[in-house]
Enquirer: 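Below: one structure in structure tokens.
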There are 2 protein chains.
Amino acid sequence: MPTSLPFVDAPPPERRDAARNREALLEAAVELVRSQGVRAVTMEAVAARAGVGKGTVFRRFGSREGLMAAVLDRSETEWQAAIIGGRPPLGPGAPPLERLLAFGKSRLLLNITHAELIDAAGNPVPPSLEALSFNTMHVRYLLSELGVTGDLPYLASALVAPLDMVVLGRRGARADVPVDRLDAGWADLVHRVTGTT
Amino acid sequence: MPTSLPFVDAPPPERRDAARNREALLEAAVELVRSQGVRAVTMEAVAARAGVGKGTVFRRFGSREGLMAAVLDRSETEWQAAIIGGRPPLGPGAPPLERLLAFGKSRLLLNITHAELIDAAGNPVPPSLEALSFNTMHVRYLLSELGVTGDLPYLASALVAPLDMVVLGRRGARADVPVDRLDAGWADLVHRVTGTT
DNA sequence: GGGCGAAACGGACCGCGGTCCGCTTCTATT
DNA sequence: AATAGAAGCGGACCGCGGTCCGTTTCGCCC
């Protein structure tokens, strides 16, 4: 008798050695980022440090971007938890507008902090319905709470975009603009879009 | 006696062979893009097609991104001319709001058309005050014409961002969203930001 | 035309991301 | 414990972006 009843059609679990290697690789990657910066994280270096072959890194994470995304995922998950179930004004409990502004500021800071990593993580793999990222979903929800009408998915993307631009640094705001100003600018943008004062 | 008086401190002109090679390389690159797509444009392929060495390509364009930017520059310049001095509503003559909306639609289409190329061109080289790209400068100007007050540089970037997001495809709108909707969404955004109906 | 310094050239070379495939290790089953 | 077949492994190999430096070409001046 199996120790736990599997869900029907559940994908077979990861083999034990595979899981061990995944963990070792992730830890190696995190440590390399911490000690030598994102640029030093080559697939071979990570493999060597984890004591496995290069092929294994690619099997587990698919690509360098995938590996970076996995590294990023740790802090990102934590942050998302703070949004979903944390304390106000980031988490539920505060009025929507306040939450929205807090979200923007927090996301901005996070983007700046993890700029290199986010950049190295690139686009998430699936080119399909990932349009509904966590960020846009959340903003979209807050907009609806605020009673904003219109193409909410689009408006949400449009609001999130300037926050990301800072990181991508592409044809837009530059890093030498002080954070306060970016934050203030975004707040103004939010007010204009939501029609609040 | 020199055939033309040089400007003071003007950088020495390009040597004749250098100019010839630049032209040949650019033509080779354009032709490769046209016939085989952006992905096929490897530095070695371009060099071979132009009948020069690989090193020359790098000397002229610095990097693959630089080369792509140079290729892109051709159509981009033409487009910019249409904005600056073309016929209304894109060019001067139409009311600012109309121009702004025309700009958005046009830019959106252009971004979609040249998506691969723009992506391959990456960030422009100088990480300095390039905050003032042509697009943001123009939007900023139109906003001021509309009498919008506030942090105009920021608002301009924020408006341009969603247009670019389509291309970068990052954590935002996806390619499978119909263009009309992107256009309509952007128009709505403009109205909200500018406080117009 | 000849000579000279500077600019440009070209291709061998390097590092890294990514693939491939023969070999090893795990685990379910009896 | 033995076994079989699937899952995982690893490192040789490839292609491309980018660098380097000895050689060639250019164009100015005599």
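We use all heavy atoms of the structure for the numbers below, so side chains are in, but hydrogens, waters and symmetry mates are not. A note on names: the letters A, B, ... follow the listed sequences, proteins ahead of strands, and every chain is numbered from 1.
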Enquirer: Produce the list of close N/O pairs, under 3.5 Å, pairing protein atoms with atoms of nucleotides 24-27 of chain D; give distances to one decimal.
Expert:
| from | atom 1 | to | atom 2 | distance (Å) |
| --- | --- | --- | --- | --- |
| D:dT25 | O2 | B:R15 | NH2 | 3.1 |
| D:dC26 | O4' | B:R15 | NH2 | 3.3 |
| D:dG27 | OP1 | B:R16 | N | 2.9 |

Enquirer: Hey, does the Lys NZ or Arg CZ of A:R22 hover above the aromatic six-ring of A:F61, less than 6.0 Å from the centre and inside 45° of the axis?
Expert: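 Pair A:R22/A:F61 counts as cation-pi.
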
Enquirer: CG/A:L90 to CG/A:L100 distance, rounded to the nearest 0.5 angstrom?
Expert: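 If we round to the nearest 0.5 Å, A:L90:CG and A:L100:CG are 11.0 Å apart.
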
Enquirer: Within a strict 4.5 Å, meaning less than it, do heavy atoms of the A:D151 and B:D188 side chains meet?
Expert: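 A:D151 does not reach B:D188 side chain to side chain.
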
Enquirer: At 4.0 Å (heavy atoms only), tell me whether B:R22 reaches a base, stays on the sugar-phosphate, or touches nothing.
Expert: nothing

Enquirer: Each nucleotide in nucleotides 12-23 of chain D should get exactly one letter: B, S or -. Can you fill that in based on protein heavy atoms under 4.0 Å?
Expert: ----SBBB----

Enquirer: Report the relative orientation of the aromatic rings in A:F103 and A:H138; use parallel for angles under 30°, tilted for 30 to 60°, perpendicular for over 60°.
Expert: tilted

Enquirer: With a 4.5 Å cut-off on side-chain heavy atoms, are B:E44 and B:V57 touching?
Expert: no

Enquirer: Excluding sequence neighbours, so at least two apart, what forms side-chain hydrogen bond (donor to acceptor under 3.5 Å, both in side chains) with A:R60?
Expert: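 If we apply the side-chain hydrogen bond (donor to acceptor under 3.5 Å, both in side chains) test to A:R60, skipping adjacent residues, there are no hits.
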
Enquirer: Is any side-chain nitrogen or oxygen of B:T56 closer than 4.0 Å to OP1 or OP2 of C:dG10?
Expert: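 Answer is yes, contact under 4.0 Å.
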
Enquirer: Whole angstrom is fine here: how far is it from CG in A:N21 over to P in D:dA7?
Expert: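 Atom-to-atom, A:N21 to D:dA7, this comes out as 17 Å.
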
Enquirer: Would A:E76 and A:R107 pass as an ion pair if we require N to O under 4.0 Å?
Expert: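 Between A:R107 and A:E76 there is a salt bridge, with a charged N closer than 4.0 Å to a carboxylate O.
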
Enquirer: For A:E23, is there an ion pair with A:R20 - N to carboxylate O distance below 4.0 angstrom?
Expert: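 Not counted as a salt bridge, because no side-chain N and carboxylate O are separated by less than 4.0 Å.
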
